[in-house]
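Sequence lines set the chain letters: A, B, ... in the order given, protein chains first and strands last, and positions in each chain run from 1.
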Amino acid sequence: MQYDHKKIEEFWQEYWSKNETFKASNTSDKPKYYVLDMFPYPSGAGLHVGHPLGYIASDIYARYKRHKGFNVLHPQGYDSFGLPAEQYAIQTGQHPAKTTEENIKTYRRQLDRIGFSFDWSREVRTSNPEYYKWTQWIFIQLFNSWYNKDSDKAEDISTLVSIFSANGNSEVNAVCDEDISIFSADEWNAFSDKEQQEILLQYRLTFLSDTEVNWCPALGTVLANDEIVNGVSERGGHPVVRKKMTQWSMRISAYAQRLLDGLNTIDWPQPLKDSQTNWIGRSQGAMVSFDVDEHDAKIDVFTTRPDTIFGVSFMTLAPEHELVSRIVTHEQKDEVNAYVEATAKRSERDRMADVKTISGVFTGAYALHPFTGEKVQIWIGDYVLASYGTGAVMAVPCGDQRDYDFAKHFGIDIPNIFEGVDISEQANDAKDGIKLANSDFLNGLNYKKGMKTVIYELEKRGFGYGKTNYRLRDAVFSRQRYWGEPFPVYYKDGMPQMIDAKHLPIVLPEVEKYLPTEDGKPPLGNADVWAWDTTKNEVVSNDLINNETIFPLELNTMPGWAGSSWYFNRYMDAHNENEFASKEALDYWKEVDLYIGGSEHATGHLLYARFWQKFLFDRELVPVGEFAKKLINQGMITGTSAFVYKVFGSLRFPKVFLSKGYYERAKDNLGMLHSRLKTIHNESNKSWEPYIDYDLDIIPHHTDVSFVDSSDELDIEKYKKWRPEFSDAIFIGEKGQIIDCDNDKYIVGREVEKMSKSKYNVVNPDNICEEYGADSLRLFEMFLGPLEQSKPWKTSGISGVYSFLKKLWKLYHSGENGEFIVSQDAATKDELKTLHKTIKKVDEDIANFSFNTSVSSFMIAVNELSALKCNKREILEPLAVLISPYAPHIAEELWSKLGHTTSISTAEFPVFEEKHLVESTKNYPISFNGKMRFTLELPLDMNKEEIEKTVMAYEKTQEQLAGRTPKKVIVVPGKIVNIVG
RNA sequence: GCUCAAGUGGCGGAAUUGGUAGACGCGCUGGAUUCAAAAUCCAGUUCUUUCGGGAGUGUGGGUUCGAUUCCCACCUUGAGUACCA
């Protein structure tokens, strides 16, 4: 019987699903282990071979952990709210739910075919009302919470209300909006309900505010900072402008420090930690107040270098700064206004792109230096950003290059406050080993001491205080989209009201159009039934809205990251209707032990999910403050695009394509190409016009990779069929001949690019499973290279792992007709050595996540066993278990042929015994290479003690020979023995 | 600009407490089998050589008996980030 991957894989996939082999229990004597993949967004294009890479890795680990005796939770689901389904709906009118449902079906079919050990009974979909009911519920919890800096955690809003009614807000140390006015207990109690609500909203962890947001007119929605790349939308590349809108925001800034601290407690990749650290952007320094001369105003600045305060020679405000209009002098007014207007017109993108140009205007006003009392000019300049710090800087031109450039450009003084440093060419931004000068009480101090001293003085004299600043902004949580979670919010008297949790979910209403309304409201503005009846507690028609009991519902929906910020907790108890997960389930599974996914989520999903987890932890809704102990970023599998080279120009003859080699020569020598084309014309008996223009060019075109074989030769017939407009084209081969019969080859150009439909380089895993089987696909994806690295797909390489599987099969199907034969004889030393070498390697490899090298050891093992003609049960049985995480189907098949009636996934991982390696040590020749290195010749059956004895004896000889005492002796059984002097 | 990661055959990649560089696979070459092809099996495959050797892990230095591995400088590539005061 031949190795029939199709039959085997179909059989076992059905078996697993029927027997619910991988269903995890929430109670077990075994230790728990939670392996999670980042759940996919089910796009219309389906899976390509790049997608399952991380899933295969996590599946191998999950299966391995089962063999090691763990109760493994390995779930999967869908992040099914998203923009593509909505845009498709806008174009076709098809409901996104329907598109999503269809796409999920395709995904599920494709995933099933690869043989994952997912527990599908726990599947979640973020767009299911049973799921987003709890997303809405968490939103309500956030609304009902405030951040107490004294206890350093989120607390119920009721604790804040009781403080207010007892003591007012002057003593409250909370993370809240800036510029909150102080009130007493009496004042609080005298406030109207609406006034109280307005104040509380400034403290809640999710709050409404008029924020300047990134508005994308083309998409009709607001985008978060991480959804914008180079000033255009990440999806679609549309321009983005700044716009003020009333939006829900999440007070993630409250958690800035804890999100930073938490990074030290989790095993995540360093680059990812770095980018989160960077994104949070903690910087330590001081706030300093400068009085404005002749005005009752202060300019607050944040600086990381307060020690350089005696180097201040001017101040710069952002053009948007609120003080600008107040302090500008009469003479400077026109100039300043013109500048402010000009900057406002420029988009963020222009300002970013135009870093080099120095621009700014003097306001005519002066600030007073807090220590010297000197007058310093106040300028405005667009190099100062309104959104960071206070929107104003104290400029120290000798210590900051931007201030330096600005001062040089406008001829402002550049006082030097660094001892022995030349600042005639550029600013000095070095800190170490430099002492301050011309700095009054800071003279002679270094950076560190200067910082301490100046902050002490600032605080003592009331000019400022030490401060830690974060770059992390509060996250805008509203989207003007249809296909997202509706807010459980209605508006009474203009104030947002939460719908009581027992009436959730608030289900997405039907709409006729998925576009924003004509008066600019979000798509939910199209819904007729979208009002809240507070007496019946249900969603009712908009026509019924009145002032008494029925109110309009929120028209925005939640962003994509809402549902993905807590889904890992839902898998623990996916069907619970009373809680988002039961306490028992949460206490049992606690957190994800291994999380695998792409690094592109570093400052999006992974940061927001940590934020929500910390919030839920504060409110004692989850038992741990970090949701994933270990995280691995799998690399991307890129495509290998293929190119044909089309001759282009105002040619009056049929289309011509050049083979790669000929193209390489012709592209720099178009004259040669021209005469060649002429010759070809003369030789050719085809009837095309003889005229050839000199204006030649060659353009590479993508061609579908499925028309190209492993040696990069193009199947011209297939290409012509695919592109009928080129059916009469002429193909010129490597040597410059017209390709007629078999006289020449057409070779395509190759380039590694991201897999994408438009580049025709997508490889579908279905086709690979069909031809080589899922086991081959799994082995090959691992074999391609290290998990974390991105690497190009090359289908030709798969033959290696495929023939490995065939060899393994043949080893145990050696009967005349290929029937299963297994020997009961005891294994020989060499056979045991092969087995145990493999056990050791595979065990280590999986523990280190270097899956690629285990595939190599499987191949070595099977090659060695084939050479020994070993088909013994004693070897096969453990070998099948070793291979089963990687190639589960063939492993199950062999396992059942060995007479087992349960799945191989219940088998124990074989135990490595070192004696099998030591005892089969081979002979090693001595080589004396002139100095201190020796390799010992050891007898065949020498054991460990004997080796050590021999080495000891040898050490002595060496001591005499070299006159030195050896420092270290390395004994590697089966390899070499070295003596190091 | 800054931060991080990485540079090893024709290709993907092995080799980490510093100890036989190029495992394993692809590709290629030769052979066996075959009418032929596919499949399979065997041998070879870093470069160079006067067949003794010699050189060799981006470049140049350093530490060491010994460096792909550690240190310094530089070059290249990739990723992230960017007027953050």
Q: Which part of the nucleic acid does N469(A) contact within heavy-atom distance under 4.0 Å: base, sugar-phosphate only, or nothing?
A: nothing
Q: In whole angstroms, how far is the C1' atom of rA82(B) from the OH atom of Y388(A)?
A: 13 Å
Q: Is any side-chain N or O of K806(A) closer than 4.0 Å to OP1 or OP2 of rU40(B)?
A: yes
Q: Write down the distance separating the C1' atoms in rC47(B) and rG56(B), rounded off to the nearest Å.
A: 8 Å
Q: Indicate yes or no for a side-chain donor-acceptor contact from T304(A) to the backbone of G285(A) under 3.5 Å, with no hydrogens or angles considered.
A: no
Q: Where the side chain of K791(A) is concerned, which of rC24(B), rU81(B), rG13(B) is the nearest nucleotide?
A: rG13(B)
Q: With a 4.0 Å cut-off, would you call D4(A) and K6(A) a salt bridge?
A: no
Q: Over all strands shown, is K807(A) touching base, sugar-phosphate only, or nothing at heavy-atom distances under 4.0 angstrom?
A: sugar-phosphate
Q: Of the non-hydrogen atoms in D403(A) and P397(A), which two are nearest, and what is the gap between them?
A: CB-CA, 3.7 Å
Q: If the C1' atom of rU68(B) is compared with that of rU59(B), how far apart are they to the nearest Å?
A: 15 Å
Q: Would you say R402(A) reaches rC84(B)'s phosphate, i.e. side-chain N/O to OP1/OP2 under 4.0 Å?
A: yes
Q: Would you call L784(A) and L53(A) a side-chain contact if the rule is heavy atoms closer than 4.5 Å?
A: no
Q: Could you tell me if the side chain of F780(A) sits less than 4.5 Å from the side chain of Y772(A), heavy atoms only?
A: no
Q: If you measure from the C1' atom in rG7(B) to the same atom in rA14(B), how many Å do you get, rounded?
A: 16 Å
Q: Determine the interatomic distance between P on rU63(B) and the same-named atom on rC11(B); round to the nearest Å.
A: 34 Å
Q: Classify P792(A) by what it touches in the nucleic acid, base, sugar-phosphate, or nothing, heavy-atom distance under 4.0 Å.
A: nothing
Q: Looking at the side chain of V393(A), which of rU40(B), rA85(B), rA23(B) is the nearest nucleotide?
A: rA85(B)
Q: Check every strand shown and say whether Q270(A) touches a base, only sugar-phosphate, or nothing at a heavy-atom separation below 4.0 Å.
A: nothing
Q: Over all strands shown, is N852(A) touching base, sugar-phosphate only, or nothing at heavy-atom distances under 4.0 angstrom?
A: sugar-phosphate
Q: Regarding T316(A), tell me which of base, sugar-phosphate or nothing describes its non-hydrogen contacts under 4.0 Å with the strands shown.
A: nothing
Q: For the C1' atoms, the ones on rA43(B) and on rU50(B), what distance do you get once it is rounded to whole angstrom?
A: 27 Å
Q: Can you tell me if the side-chain N/O atoms of N848(A) get under 4.0 Å from OP1 or OP2 in rU16(B)?
A: no
Q: Using the side-chain heavy atoms of T853(A), tell me which of these nucleotides is nearest: rA14(B), rU81(B), rA85(B).
A: rA14(B)
Q: What nucleic acid atoms does S599(A) come within less than 4.0 Å of, heavy atoms only: base, sugar-phosphate, or nothing?
A: nothing
